[in-house]
Amino acid sequence: MPKNSKVTQREQSHEHVTESVADLLAHEEPLDYKSSSLNVGGAAGKKVPQLEVPENDGRPAWNSKLQYILAQVGFSVGLGNVWRFPYLCQKNGGGAYLVPYFILLLIIGIPLFFLELAVGQKIRRGSIGVWNYVCPRLGGIGMSSLMVCGFVGLYYNVIIGWSIFYFFQSFQYPLPWSECPIRKNGTLAIVEPECDKSSATTYFWYRQTLNTTSTIAESGGLNVKMTLSLFVAWIIVCLAVIKGIASSGKVMYFSSLFPYVVLFCFLVRGLMLKGSVDGIAHMFTPKLEKMLEPQVWREAATQVFFALGLGFGGVIAFSSYNKIDNNCHFDAVLVSFINFFTSILATLVVFAVLGFKANIMNEKCVVENAEKILGYLNSNVLSHDLIPPHVNFSHLTTSDYAEMYGVIKTVKEGSFSQLGLDPCVLEDELNKAVQGTGLAFIAFTEAMTHFPASPFWSVMFFFMLINLGLGSMIGTMTGITTPVLDTYKVQKELFTVGCCIVAFLCGLLFVQRSGNYFVTMFDDYSAGLPLTVVVILENVSVAWIYGTKRFMQDLEDMLGFRPYMIYFYLWKYVSPLCLIVLISATVIEMAISPPGYNAWVQELAQERFQSYPPWALAMCFALIIVAMLPLPVVFIARHFNLMSDGSNKLSVSYRKTMMKDMSNLEEQDEARSILGAKPGEVPSSVPTRKAYLTPGGNKPLDPNSLSPNSCYGTSYQNAAIKSPPLPC
């Protein structure tokens with residue numbers, strides 16, 4: 001072998017070769033020179049095979065492209081599309097809100113979603129392996145993603161548990177939340193005071209379902225019904241993910257498609273209800289002045305961010321089971337637009353139903369206030385001359401009441417407030433913004449009690465919520481299990497079951513009588529800021545540390561075409577800038593908004609804002625700190641060589657193929673040397689790019705570049721580079 005061969009150089013080098021690498025090289029298959037394109041006497045025109053990540057490396061794969069798309073759609077389309085997006089749309093200018101949302105979807109959502117899909121598909125590892133690969137010192141990104149997935153999974157499954165409870169309660173007529181319970185006191189029967197002061201659906205939610213306490217400091221003990229519901233929810237999730245994508249992929253066929261069936265059914269039924277058009281018209285009437293408010297853009301950016309599941313690790317995990325040449329750009333655009341149009345569909349359904357409810361409540365308001373006016377007329381408090389002659393109290397319309405109300409208010413201007421009359425304006429009912437659990441378990445359930453065959457629609461609605469939540473939980477659990485299974489040799493089924501058991505035990509915090517307040521706490525603090533930091537570091541590590549040009553070239557090698565140049569500028573400049581603004585706005589919002597929660601006060605039968613006690617406030621900040629702690633810890637540990645760079649955590653088959661490809665490059669250089677060419681010099685007819693997520697080039701392999709302290713980490717990452725790697 002020539003003295004200038006890289007293999008010879010490596011043998012003569014005093015650098016330490018780990019046992020694992022030596023073992024891998026010992027198992028290399030010899031190069032068949034007869035079939036090699038480098039054979040002098042070989043057939044002309046044969047090309048040097050490009051380096052590719054093996055398709056048969058033992059990693060599971062999706063059964064079909066449809067299964068994969070449904071998995072990504074199921075993960076990204078969740079409960080937030082049904083109860084968060086409509087609320088934001090109503091709050092922030094109706095149809096005008098769609099403009100900033102769509103713009104931010106194009107400049108933040110799709111590019112970052114594409115980035116996560118690409119790195120997952122290219123490196124074929126979960127979040128920990130991916131970011132260890134790109135830049136070991138930023139390997140804490142994957143660990144932070146895993147921590148956030150854990151926090152979110154704990155409380156998200158509690159919401160599925162609530163939906164399961166309501167689902168089983170729906171199999172009765174009349175629905176248990178349709179009327180207030182009657183309390184018997186001897187021979188006297190009275191309506192439950194707490195229910196009478198609020199409403200039947202509100203009472204059923206706070207008292208009969210949650211049996212909530214008045215403050216977060218009062219534990220109240222475990223709620224047995226909610227504990228059983230949570231247990232059932234974790235059994236369902238565990239069965240769905242226990243076999244990895246082999247089981248979850250099959251579940252996604254139903255859990256991703258069924259919600260669309262229900263939404264279309266509700267839309268058709270809703271449009272047939274009185275007042276549905278009023279609700280939809282109110283929803284999409286644009287308030288253009290709202291577009292000038294920074295708060296609207298901040299909330300739109302946050303919703304885009306969480307709607308696509310960026311930073312959770314689920315997107316990367318699902319994509320890692322794809323073929324290396326899958327068109328992930330098409331997937332990113334398709335899933336993003338499906339998510340957007342699902343939000344629009346859910347908004348139509350919600351406001352069609354809420355428009356119907358608003359009409360019912362407005363008519364009820366008119367009847368109650370008409371009775372007050374009749375009482376004032378009979379007691380001569382009001383004169384009959386104030387009543388327009390065409391008004392018929394037995395068939396009083398909302399327009400007649402509005403006219404009568406206006407006349408009385410004008411004449412009795414001084415004493416009008418003492419009459420206690422309400423204006424009963426439909427617009428006021430429609431403007432009552434409801435989101436989250438208040439929308440799903442109070443407002444929507446109340447509207448369904450007025451549907452014909454209300455139990456059927458209630459069953460369908462809560463079964464839809466279960467499936468929406470299940471799709472998101474499968475993605476969240478995959479974001480936990482995939483990186484761990486990629487990194488450590490543990491049995492998949494045993495680890496999954498163990499995760500579910502631990503999560504159920506930790507989730508008992510949320511099924512106390514005060515558990516609803518902890519759900520609010522985790523929702524507000526465990527994901528928002530940490531995930532935003534995670535995503536901006538993902539963006540920076542690829543665009544600035546790894547290099548946008550290199551990444552674009554890798555995409556061209558992988559996809560077979562070069563992505564649009566607009567992505568270069570979006571990844572390098574626009575997205576990081578937008579994310580920095582979003583982080584700043586989030587921190588400012590947290591600083592100026594008093595940390596607290598809406599507590600249900602039983603005596604008043606209404607919600608009241610309360611500040612967190614000191615221990616709960618410490619818990620809020622602990623959630624943020626714990627979620628982001630891996631970022632500085634891993635960076636410092638690897639900077640001072642206190643932690644392995646993760647190279648020994650890739651699967652044996654993956655590392656073996658990497659080393660074989662490196663050996664092939666060396667032998668190609670040796671053959672060229674025999675032919676009189678310079679080592680590393682590639683003829684123009686031979687592709688020079690390789691298929692790994694490392695920059696292609698034609699510079700000979702430098703042994704110094706195999707240092708684990710280089711930015712791209714380890715010996716399996718630098719088969720051929722243009723320039724020395726940047727320190728990270």
Side-chain angles (χ1 to χ4, degrees), residues 83 158-159 161-216 218-230 232 353-354 356-358 360-365 367-368 371 429 432 434 436-463 465-466 510-517 519 598-608:
W83 68 32
V158 174
I159 301 174
W162 294 341
S163 302
I164 290 173
F165 176 75
Y166 267 77
F167 172 74
F168 285 108
Q169 290 291 315
S170 299
F171 288 95
Q172 50 186 306
Y173 185 81
L175 291 170
W177 51 81
S178 59
E179 296 178 354
C180 285
I182 304 297
R183 177 190 294 180
K184 291 186 177 180
N185 187 5
T187 58
L188 185 63
I190 60 172
V191 177
E192 178 65 41
E194 186 180 1
C195 183
D196 192 39
K197 293 178 182 177
S198 53
S199 68
T201 51
T202 305
Y203 175 81
F204 186 86
W205 167 243
Y206 282 112
R207 189 56 50 214
Q208 296 188 326
T209 301
L210 301 178
N211 194 20
T212 188
T213 58
S214 296
T215 66
I216 194 173
E218 301 175 39
S219 167
L222 289 178
N223 184 330
V224 178
K225 294 181 289 187
M226 293 302 100
T227 303
L228 292 176
S229 298
L230 179 63
V232 173
V353 174
L354 292 184
F356 165 69
K357 174 180 174 285
I360 291 177
M361 300 305 295
N362 198 54
E363 290 175 358
K364 182 179 178 181
C365 176
V367 170
E368 291 176 350
E371 290 177 355
E429 286 291 336
K432 291 180 179 178
V434 185
T437 55
L439 173 63
F441 297 104
I442 298 177
F444 216 87
T445 49
E446 183 175 351
M448 286 188 295
T449 59
H450 301 287
F451 282 21
S454 55
F456 168 78
W457 294 103
S458 183
V459 167
M460 293 283 283
F461 176 71
F462 288 109
F463 195 39
L465 291 188
I466 292 171
F510 306 102
V511 291
Q512 306 174 90
R513 290 180 57 196
S514 59
N516 182 42
Y517 307 137
V519 171
N598 289 320
W600 179 257
V601 182
Q602 183 174 2
E603 295 75 17
L604 303 176
Q606 63 183 15
E607 286 185 332
R608 176 170 290 180

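Heads up: numbering here begins at 1 and tracks the sequence.
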K.L.:
Any chance you could lay out the side-chain contact (heavy atoms from CB on, under 4.5 Å) test for I190 and I182, step after step, and finish with the verdict?
P.N.:
CA-CA 6 Å; I190 60 172; I182 304 297; over 6 Å; no
K.L.:
Run the side chain to side chain donor-acceptor pair (under 3.5 Å) test against E603 and tell me which residues pass, sequence neighbours left out.
P.N.:
none
K.L.:
Taking all non-hydrogen atoms of both residues, which atom of S199 and which atom of C180 are closest, and how far apart?
P.N.:
C-SG, 4.4 Å
K.L.:
Listed by chain and number, what are the side chain to side chain donor-acceptor pair (under 3.5 Å) partners of E218, not counting sequence neighbours?
P.N.:
T215
K.L.:
Test of understanding: with ring pair (Phe, Tyr, Trp, His ring centres under 6.0 Å), list the residues that count as partners of F510, not counting sequence neighbours.
P.N.:
F522
K.L.:
Excluding sequence neighbours, so at least two apart, what forms ring pair (Phe, Tyr, Trp, His ring centres under 6.0 Å) with Y173?
P.N.:
none
K.L.:
Identify, with sequence neighbours excluded, every residue that meets side chain to side chain donor-acceptor pair (under 3.5 Å) alongside S458.
P.N.:
S170
K.L.:
Would you name the heavy atoms of P181 and Q208 that are closest together and state the gap between them?
P.N.:
CG-NE2, 4.4 Å
K.L.:
Would you please name every residue forming a side-chain contact (heavy atoms from CB on, under 4.5 Å) with F168, sequence neighbours left out?
P.N.:
I164
K.L.:
Sequence neighbours left out, what passes side-chain contact (heavy atoms from CB on, under 4.5 Å) with I442? Give chain and number order.
P.N.:
T201, T202, W205, Y206
K.L.:
OH of Y203 to CD of Q602: how many Å apart, nearest 0.5 Å?
P.N.:
8.0 Å
K.L.:
With salt bridge (Lys or Arg N to Asp or Glu O under 4.0 Å) as the rule and sequence neighbours excluded, what pairs involving residues 192-216 come up?
P.N.:
R183-E192, E194-R207
K.L.:
If you round to the nearest 0.5 Å, how far is CG of L230 from CG of L222?
P.N.:
10.5 Å
K.L.:
Please name the pair of heavy atoms, one in S198 and one in W600, separated by the smallest distance, quoted to 0.1 Å.
P.N.:
CB-CH2, 4.0 Å
K.L.:
Of L465, I466, V519, which meets side chain to side chain contact (heavy atoms under 4.5 Å, CB included) against W162?
P.N.:
V519
K.L.:
Who are the side-chain contact (heavy atoms from CB on, under 4.5 Å) partners of K225, not counting sequence neighbours?
P.N.:
F165, N223
K.L.:
Could you tell me the separation between the CG atom of L175 and the CZ atom of F451, rounded to the nearest 0.5 Å?
P.N.:
11.5 Å
K.L.:
I need the K357 NZ to I360 CD1 distance, nearest 0.5 Å.
P.N.:
9.0 Å
K.L.:
Roughly how far, to the nearest 0.5 Å, is the CZ atom of F441 from the CD atom of E446?
P.N.:
15.5 Å
K.L.:
Who passes side chain to side chain donor-acceptor pair (under 3.5 Å) against S229, sequence neighbours left out?
P.N.:
none
K.L.:
Nearest 0.5 Å, please: how far is OG1 in T212 from CD in Q512?
P.N.:
10.5 Å
K.L.:
Among all residues two or more places apart in sequence or in another chain, which pass the side-chain contact (heavy atoms from CB on, under 4.5 Å) test with Q606?
P.N.:
L604, R608
K.L.:
Run the ring pair (Phe, Tyr, Trp, His ring centres under 6.0 Å) test against W177 and tell me which residues pass, sequence neighbours left out.
P.N.:
Y166, F204
